[in-house]
Undergrad: 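Shown below is the structure under consideration.
Residues take their numbers from the sequence shown, with the count starting at 1.
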Amino acid sequence: MKRNPEALGMALSAILSRRGLSPSGLVRKTGISRNQVEDYLKGRKVPRPASLAKIAKALDASIEEIKDLANLLGAASGGPAAARSLRAATLLAGSGEMLLPGRSIPGPSHFVDPAAERRAAPGLWERLRPWFAAQRRVIVLREEAYHSFALCELLCHNSEDAASDKADRALELADLAVLLARLVGLPLRPRLLGYAFHHLGNAIRVKGRLPEAEKAFDQGEALWEAGADGDPQGLLDGTRLLDLKASLLRDQRQLPESLDLLDQALSANPGGERAGRILVKRAKTLEELGRYEEAVANLQEAGPKIDGEREPRVLLTQRFNLAENLWQLGRYAEAAPLLIEVKELNQRLRKGLDRIRYRWLEGRIAAGLGHIEEAIAALEEVRSSFAAEGIPYDTALASLELSMLYLKQNRTAEVKELARQMVAIFRANKVHREALAAVLVFRDAAEREDVTADLAQRLTDYLRRAGSEPGLRFGA
């Protein structure tokens, strides 16, 4: 068996589930620590042979059976044939029976009642939610009750919402949605897969892996178009996909193209429930183009169109982005009061990445108002948080803004340390060569105590583009 922690974790979870044993029970029966058992079941680590032997004995299974099951589960990402293998493996873990290679996965060929499926979807998710990610996949594959287009749709929407909090969670939910879409019956399956792949691409985008995200979007678009005839009722909202693709194009610095997609979405829903959301995204693209006054106008237009009770996340984004654009315009006194409302919404929604970005803006506005110590405290916190989340470019940008404040206080030792950490983070995350070279220039200047605010600003401007333009050279 190849060392595939996720596949082995899914295999162990499948057998654990069939044996009616909890993770705590496995801890008691094996004497292995709870943290280690969780690492194995969640697919974070492969157990050593001695530990695997203890687990096999506790599960009344042979090591060979566990490895064979893991090998089949490892095929999960390869399309319909792989999905058949995955379902076969799950059945094998439970009853000793295996689907023949040529047999298809059972599933409904039509909807009894789409509205009823949507009403049932939150309850299905509540039953799935307490399990580890690998266990959810096994449960979904084993239980046909979960093969619901509405549950897949809900997972997609939850993934989009989670992207503002935990990028890894957004990816986990989108992965599950893709798997579930493969199991939903015809004729909706291709269209639903296209929908799920768009949300997978969005989650990958949030992680900063733009080339990989683009591939997922391309796959999603092909499936979406191929499945057009399978959704005559228009159950799935295509304007949402335009939103998501526009965000990718914005991150790729294809800003006019991003605006065009958002205008298409707005034309399709000029006074509808998504109009406020689309205007907020349009304003963000205008912001990236440096058209801050227009962005402010779009955000002010969006405000009355957003139902804060139904879409608190969109309202938060609108208020936050309005404050950020006012900051960009140097209108710090107008931006500052908005932070109070943003903070209250953040506390209500409890979104991790949103809280980090709020703190970042708070530090920037404090710096603009001349409150340097307050700004430094905020940016130090932000830099550490982005580093912990594994988001290298935002870590670097916060570090550079912090460096500029340190330079004002002649704190050259702190600037040197920040520069060294930036290099280490870029290397650890395998950031592309040109961006790493630019950060090395900054580090070398810091070591010589030759860093200037101009160099830090030029590097900041470069890194804002470099994440989506891998070939871009510093100074180009």
Side-chain angles (χ1 to χ4, degrees), residues 118 122 153-154 156-165 170 195 198-199 201-203 205-206 234-251 255-329 331 334-335 337-351 353-355 357-358 361:
R118 284 188 167 128
E153 179 186 53
L154 178 63
C156 287
H157 298 173
N158 287 351
S159 172
E160 184 179 355
D161 186 57
S164 64
D165 184 18
Y195 196 81
H198 274 81
H199 287 82
N202 184 63
R205 173 191 70 82
V206 173
L235 294 171
L236 300 170
D237 182 5
T239 61
R240 185 182 289 266
L241 307 188
L242 293 173
D243 279 3
L244 299 179
K245 182 62 181 292
S247 295
L248 174 67
L249 292 173
R250 186 188 67 224
D251 287 358
L255 302 178
E257 293 83 355
S258 177
L259 271 181
D260 182 59
L261 280 186
L262 291 169
D263 287 341
Q264 289 179 44
L266 197 58
S267 295
N269 198 348
E273 61 182 25
R274 295 187 62 81
R277 178 190 297 265
I278 294 166
L279 282 166
V280 168
K281 288 199 169 187
R282 193 175 191 279
K284 185 63 180 176
T285 306
L286 290 167
E287 178 187 333
E288 294 292 330
L289 285 164
R291 293 157 59 178
Y292 305 122
E293 294 284 3
E294 292 176 70
V296 167
N298 269 208
L299 289 164
Q300 289 171 335
E301 182 184 352
K305 300 178 186 292
I306 299 168
D307 183 341
E309 291 301 316
R310 191 173 55 84
E311 293 187 301
R313 173 78 180 85
V314 180
L315 179 61
L316 170 61
T317 303
Q318 184 264 346
R319 305 309 286 167
F320 178 91
N321 289 356
L322 181 56
E324 186 164 43
N325 278 276
L326 291 170
W327 167 74
Q328 292 280 12
L329 292 166
R331 293 157 61 177
E334 293 177 64
L338 289 170
L339 287 178
I340 298 172
E341 189 176 353
V342 170
K343 185 175 183 178
E344 289 174 352
L345 285 165
N346 259 322
Q347 290 172 340
R348 173 182 164 190
L349 294 175
R350 299 179 181 275
K351 301 296 185 182
L353 286 177
D354 277 351
R355 287 197 296 271
R357 296 189 187 284
Y358 161 78
L361 181 57

Undergrad: Do Val296 and Leu322 have side chains that get closer than 4.5 Å, going by heavy atoms?
TA: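 Touching, per the 4.5 Å side-chain cut-off.
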
Undergrad: Closer than 3.5 angstrom, by distance alone: can the side chain of Asp161 be matched with the main-chain N or O of His157 as a donor-acceptor pair?
TA: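 No, the answer is negative, given that no donor and acceptor are paired below the 3.5 Å cut-off.
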
Undergrad: Distance check, rounded to the nearest 0.5 Å: Glu153 atom CD versus Leu236 atom CG?
TA: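 Going from CD on Glu153 over to CG on Leu236, the span is 6.0 Å.
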
Undergrad: Heavy atoms, side chains only, cut-off 4.5 Å: are Lys281 and Leu261 in contact?
TA: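 No; the side chains remain at least 4.5 Å from each other.
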
Undergrad: Within this structure, what is the CD-CG distance for the pair Glu288 and Leu255, rounded to the nearest 0.5 Å?
TA: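 It comes to 6.5 Å.
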
Undergrad: Between Leu248 and Lys245, is any pair of side-chain heavy atoms under 4.5 Å apart?
TA: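 In contact.
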
Undergrad: Cut-off 3.5 Å, side chains only: do Asp260 and Gln264 have a donor facing an acceptor?
TA: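 Distance-only check passes for Asp260 and Gln264.
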
Undergrad: Quick one: closest heavy-atom pair of Ile306 and Gly276, and the distance?
TA: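 What the structure gives for the nearest pair is CG1-CA, 4.0 Å.
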
Undergrad: Could you check whether any side-chain heavy atom of Leu289 comes within less than 4.5 Å of a side-chain heavy atom of Leu259, counting everything from C-beta outward?
TA: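 Result yes, sub-4.5 Å side-chain heavy-atom pair found.
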
Undergrad: Taking the side chain as everything from C-beta on, heavy atoms only, tell me whether Glu293 gets closer than 4.5 Å to Asn325.
TA: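 In short, these two side chains do not touch, never coming nearer than 4.5 Å.
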
Undergrad: Carefully, step by step, assess Arg250 and Arg205 under the rule side-chain contact (heavy atoms from CB on, under 4.5 Å).
TA: CA-CA 11 Å; Arg250 186 188 67 224; Arg205 173 191 70 82; 4.1 Å; yes

Undergrad: Do the non-hydrogen side-chain atoms of Asp263 and Arg282 ever get within less than 4.5 Å of each other?
TA: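 The answer is yes; the side chains approach within 4.5 Å.
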
Undergrad: Using a 4.5 Å cut-off on heavy atoms from C-beta on, say whether the side chain of Arg274 contacts that of Asp237.
TA: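 Yes. Closest side-chain heavy atoms under 4.5 Å.
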
Undergrad: Can you give me the closest heavy-atom contact between Gly308 and Leu315, atom names plus distance?
TA: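 Looks like CA-CD2, 3.8 Å.
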
Undergrad: List the steps, then state whether side-chain contact (heavy atoms from CB on, under 4.5 Å) holds for Asn202 with Arg240.
TA: CA-CA 11 Å; Asn202 184 63; Arg240 185 182 289 266; over 6 Å; no

Undergrad: Just how far is it from atom CG of Leu361 to atom NZ of Lys343, taken to the nearest 0.5 Å?
TA: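 So the CG of Leu361 and the NZ of Lys343 are separated by 13.0 Å.
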
Undergrad: Can you name the closest pair of heavy atoms from Ser159 and Ala170 and give their distance?
TA: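 That closest heavy-atom pairing would be OG-O, 2.7 Å.
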
Undergrad: How many angstroms lie between CD in Glu160 and NE2 in His198, if you round to the nearest 0.5 Å?
TA: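 Atom-to-atom, Glu160:CD and His198:NE2 are 12.0 Å apart.
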
Undergrad: Can you see which heavy atom on Ala265 is nearest to which on Asp243, and at what distance?
TA: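 In this case the closest contact between Ala265 and Asp243 is CB-OD1, 4.1 Å.
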
Undergrad: Quick one: do Asp354 and Arg313 satisfy side-chain contact (heavy atoms from CB on, under 4.5 Å)? Show the steps, please.
TA: CA-CA 10 Å; Asp354 277 351; Arg313 173 78 180 85; 3.4 Å; yes

Undergrad: Any chance you could measure Thr285, atom OG1, to Asp251, atom CG, to the nearest 0.5 Å?
TA: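 Separation between the atoms: 9.0 Å.
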
Undergrad: Flag the pair Asp307 / Val314 as yes when at least one side-chain heavy-atom distance between them is below 4.5 Å, and no otherwise.
TA: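 Not in contact.
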
Undergrad: Hey, what do you get for CZ (Arg357) to CG (Leu316), rounding to the nearest 0.5 Å?
TA: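 The distance works out to 12.0 Å.
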
Undergrad: Thr239 and Ala268: which non-hydrogen atoms are nearest, and at how many Å?
TA: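 Smallest interatomic distance, heavy atoms only, reads CG2-CB, 3.9 Å.
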
Undergrad: Kindly give the heavy-atom pair with the smallest separation between Gln318 and Gly303, and that separation in Å.
TA: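 Of all heavy-atom pairs spanning Gln318 and Gly303, the closest is NE2-CA, 3.8 Å.
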
Undergrad: Which residue in the set Arg331, Arg319, Lys284 passes salt bridge (charged side-chain N to carboxylate O under 4.0 Å, His left out) when paired with Glu324?
TA: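 In the set Arg331, Arg319, Lys284, the residue that makes a salt bridge (charged side-chain N to carboxylate O under 4.0 Å, His left out) with Glu324 is Lys284.
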
Undergrad: Should the heavy atoms of other residues, nucleotides or ligands under 6.0 Å from CD of Glu309 be counted, would the total exceed 12?
TA: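 At most 12 heavy atoms, drawn from other residues, nucleotides or ligands, come within 6.0 Å of this atom.
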
